[in-house]
Protein chains: 2
Amino acid sequence: MKKIKDTIVGIKGIDYKLMDKTQIRLDSLTKPQGSLGRLEDLAKQIAGITSKESPVLKHKVIFTLAADHGVTEEGVSAYPKEVTAQMVYNFLSGGAGISILANHVGARVIVVDIGVAVDLQPEPRLLVKKINYGTKNMACGQAMTRDEAINSISSGIEIFEEEYGKGIDIAGTGEMGIGNTTAASAITAVFTKSAVEEVSGKGAGLDDKGLKNKIDVIKKSIAVNKPDPTDPIGVLSKVGGFEIGGLAGIMIAAAARKVPVVIDGFISGAAALVAYQIEPKVKEYMIAAHKSVESGHKVILDYIGLRPLLELDLRLGEGTGAALGIGLADAAIKILTQMATFKSAGVSERNK
Amino acid sequence: MKKIKDTIVGIKGIDYKLMDKTQIRLDSLTKPQGSLGRLEDLAKQIAGITSKESPVLKHKVIFTLAADHGVTEEGVSAYPKEVTAQMVYNFLSGGAGISILANHVGARVIVVDIGVAVDLQPEPRLLVKKINYGTKNMACGQAMTRDEAINSISSGIEIFEEEYGKGIDIAGTGEMGIGNTTAASAITAVFTKSAVEEVSGKGAGLDDKGLKNKIDVIKKSIAVNKPDPTDPIGVLSKVGGFEIGGLAGIMIAAAARKVPVVIDGFISGAAALVAYQIEPKVKEYMIAAHKSVESGHKVILDYIGLRPLLELDLRLGEGTGAALGIGLADAAIKILTQMATFKSAGVSERNK
């Protein structure tokens, strides 16, 4: 818990003064004021986060954390549990959705085993921070111990810190874990006090019957564990997942290091909820990449108060939406730092 | 008129069979079916347009057409008319919004003087296809002659064809013309039979009083010219602009060459309306990049039946939204052509 507390202490508010100054600079560029809309907001936010007048987004890093979920025993996913491990190999060999989209935006992907149910073949590019061999079935008791919940967040902080040494100008979050929309729905229902039905979707591809079962399992998990929304670590331990805790840690660490963190979809959103409940100041460091098809994601975004950049009906996870969000952030910073001003280009300003 | 007719004859329907085949291929990739949402739709559409199983988007070209509008005499813009020419120089020197965003997505920008009010300094990268020195004031009579309207569309076809020789895998549309939202609103009102108020916005930055005047001017222009919506060339000549005709020509030429064409914002949308009224088949070749803040743009998209990819509150024009749309198209094609399949990656398929 010490690592988490020490990191949180380091999170300051973002630089509003510099954001005002950045708006003045944006207004001096050869375009009608505000005409680049959310790209301008994004440039301003990133200036405020980094405290840099001209932020550089050279090192783009997406953290894709993989873990298994005991609750798959209840038949809550359309895919077999083995897929978590298989997809990790796919990430490493560069054939997954996130591999392609990260490459498209010039980001590197850090693949982490934070709790896959099997031991994976060692690989230099695979970071192993295994908390345990998957969570326990939360429909029958706690998904993990309180210590494991703390460790998963601390590990996220560690993962970020280790990579920070190599350079991170903007971070993205991603995950892989068969069964993890079930955990994300439970977390969302608890923190936002929403009906389980409202925050549960078909995940990777359940049918209507499967969704009904998933909802029942989530309700049972909440009834059995009685998570207390005022105790975020408790909620994570009771109905969470290792990758969710790890991502919450990454978000907290990013905020402490003044690094903008682009939140992917629903599971990353659940991690954002955990981080936000632990320390609300992290919100200002978050950029919501997109709105997922999973209904719970909108509930999360509204609860925290984040407006998604994209609505492309994505529901893959892995960090794919975050990658596209990072591409937009990159565009926004180029606008801020590379466009000509009215003065430099000799363009007349508006009529008075 | 012959060039336009000859080009239209070449427009075929897109390849639906290949689109079905492409969906099967997308479903074989290591992701839940449909989980990349609109990126998958985009990949399918581009396969259908190009008739290529594995389309390559190497040559990305944005056409930014500049022209002046006589209606600026009525005080319909927040910026002085000279800005059109000044911005052309800014495009050429690489300091404009479109310069930065086109570079961001790896597109080249073709800057065209299709009707700027002054003679611009010659420059190898400036294409001069001047129809006339700006349109006439449409509040007092036709904006251009019928011959000029035909010439502007034919010139658009020529511009595309000349560049096609150098390679175009995907095209984007953009424009610059002080006063051109006034023309775009008039065109939109006429074709979609909407109230002028509903399709008129503040353009580059009018205040409420300015917007009221603009609406009055548009109403007067329509009353004076009585454009007939069943005669698209007539509408263009009465209340259009040279860049709008030129962009309509580019869209028609792109469709004839089976090249996907990414439509930028409101003015490009008005050009899309003209092209669509001339030949509805062009619709299938169009990709709507974004939804502009200008209220008329949504009316256009709904009328043609295009769903925008992005909603980023943009209202700059120049092709800036099209550039971001081209970036997404690029991502979509990389997903289609570079992702591993369940089989190749040894990933288990979904439970039966």
Side-chain angles (χ1 to χ4, degrees), chain A residues 29-41 75 77-80 82-83 86-87 89-90 93-97 99-101 103-105 203-205 293 309-318 320 323-324 327-328 330-331 334-335 338-341 344-351, chain B residues 29-41 75 77-80 82-83 86-87 89-90 93-97 99-101 103-105 203-205 293 309-318 320 323-324 327-328 330-331 334-335 338-341 344-351:
Chain A
L29 304 176
T30 47
K31 58 173 184 49
Q33 289 184 11
S35 62
L36 281 173
R38 300 199 60 204
L39 290 185
E40 298 192 29
D41 297 339
S77 177
Y79 283 79
E82 301 81 68
V83 167
Q86 291 164 348
M87 284 300 296
Y89 294 124
N90 197 21
S93 61
S99 321
I100 310 304
L101 294 182
N103 192 44
H104 175 64
V105 301
V293 174
L309 288 167
L310 297 159
E311 292 194 32
L312 293 171
D313 301 342
L314 308 178
R315 55 180 174 83
L316 175 55
E318 301 179 359
T320 47
L324 297 177
L328 289 178
D330 207 5
K334 287 175 180 168
I335 287 293
Q338 298 178 4
M339 263 186 79
T341 62
S344 72
V347 175
S348 307
E349 301 214 33
R350 54 180 296 160
N351 300 319
Chain B
L29 304 176
T30 47
K31 58 173 184 50
Q33 288 184 12
S35 61
L36 281 174
R38 299 199 62 202
L39 291 185
E40 298 192 27
D41 297 340
S77 178
Y79 283 81
E82 302 80 69
V83 167
Q86 291 164 347
M87 282 302 295
Y89 295 123
N90 197 22
S93 61
S99 321
I100 309 305
L101 293 183
N103 192 45
H104 175 64
V105 301
V293 173
L309 288 167
L310 296 160
E311 293 194 33
L312 292 172
D313 302 342
L314 307 179
R315 55 181 173 83
L316 175 55
E318 302 179 359
T320 46
L324 297 177
L328 289 178
D330 207 6
K334 287 176 181 170
I335 287 293
Q338 298 179 4
M339 260 184 83
T341 62
S344 72
V347 175
S348 308
E349 301 214 35
R350 54 180 295 159
N351 299 318

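Below, read A as the first sequence line, B as the second, and so on, with proteins coming before strands; counting in each chain starts at 1.
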Checklist entry - Between B/Thr341 and chain A, which part of the residue has a heavy atom less than 4.5 Å away: side chain, backbone, both or neither? => result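 It is neither, since no heavy atom gets under 4.5 Å.
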
Interatomic distance, [X] atom [atom1] to [Y] atom [atom2] [nearest 0.5 angstrom]:
{"X": "B/Asn90", "Y": "A/Lys31", "atom1": "CG", "atom2": "NZ", "value": "12.0 Å"}
{"X": "A/Met339", "Y": "B/Leu101", "atom1": "CE", "atom2": "CG", "value": "8.5 Å"}
{"X": "A/Glu40", "Y": "B/Leu312", "atom1": "CD", "atom2": "CG", "value": "11.5 Å"}

Which atoms form the tightest heavy-atom contact between [X] and [Y], and what is the distance?
{"X": "B/Thr30", "Y": "A/Met87", "value": "O-CE, 3.8 Å"}
{"X": "A/Arg38", "Y": "B/Glu311", "value": "CD-O, 4.4 Å"}
{"X": "B/Pro80", "Y": "A/Asn351", "value": "CD-OD1, 3.4 Å"}
{"X": "A/Leu316", "Y": "B/Pro32", "value": "CD1-CD, 3.5 Å"}

Next on the checklist: So for A/Leu324, is it side chain, backbone, both, or neither that comes closer than 4.5 Å to the heavy atoms of chain B?
Outcome noted: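 Side chain of A/Leu324 only, per the 4.5 Å heavy-atom cut-off to chain B.
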
Checklist entry - Does any heavy atom of chain B fall under 4.5 Å from the side chain of A/Asp41, the backbone, both, or neither of them? => result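 Neither part; nothing is under 4.5 Å.
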
Checklist entry - Under 3.5 Å, is there a donor-acceptor pair between the side chain of B/His104 and the main chain of A/Gly327? => result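 Pair found, side chain donor or acceptor close to backbone of A/Gly327.
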
Checklist entry - Would you say A/Gln33's side chain and B/Gly205's backbone share a donor-acceptor pair under 3.5 angstrom? => result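 Judged by distance alone, no pair lies under 3.5 Å.
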
Next on the checklist: Please identify, among A/Ile100, A/Leu314, A/Leu36, the residue contributing the most non-hydrogen atom pairs under 4.5 Å to chain B.
Outcome noted: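 Maximum pair count with chain B is reached by A/Ile100.
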
Next on the checklist: Looking at chain B, which one of A/Ala345, A/Ser348, A/Gly37 has the largest number of heavy-atom pairs inside 4.5 Å, strictly under?
Outcome noted: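 Maximum pair count with chain B is reached by A/Ser348.
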
Item to check | Most chain A-contacting option - heavy-atom pairs closer than 4.5 Å, from B/Leu310, B/Asp313, B/Leu29 | outcome: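 Top option by heavy-atom pairs under 4.5 Å: B/Asp313.
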
Item to check | Residue selection (most heavy-atom pairs with chain A, distance under 4.5 Å) from B/Gln86, B/Glu349, B/Lys334 | outcome: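 Ranked by heavy-atom pairs under 4.5 Å with chain A, first place is B/Gln86.
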
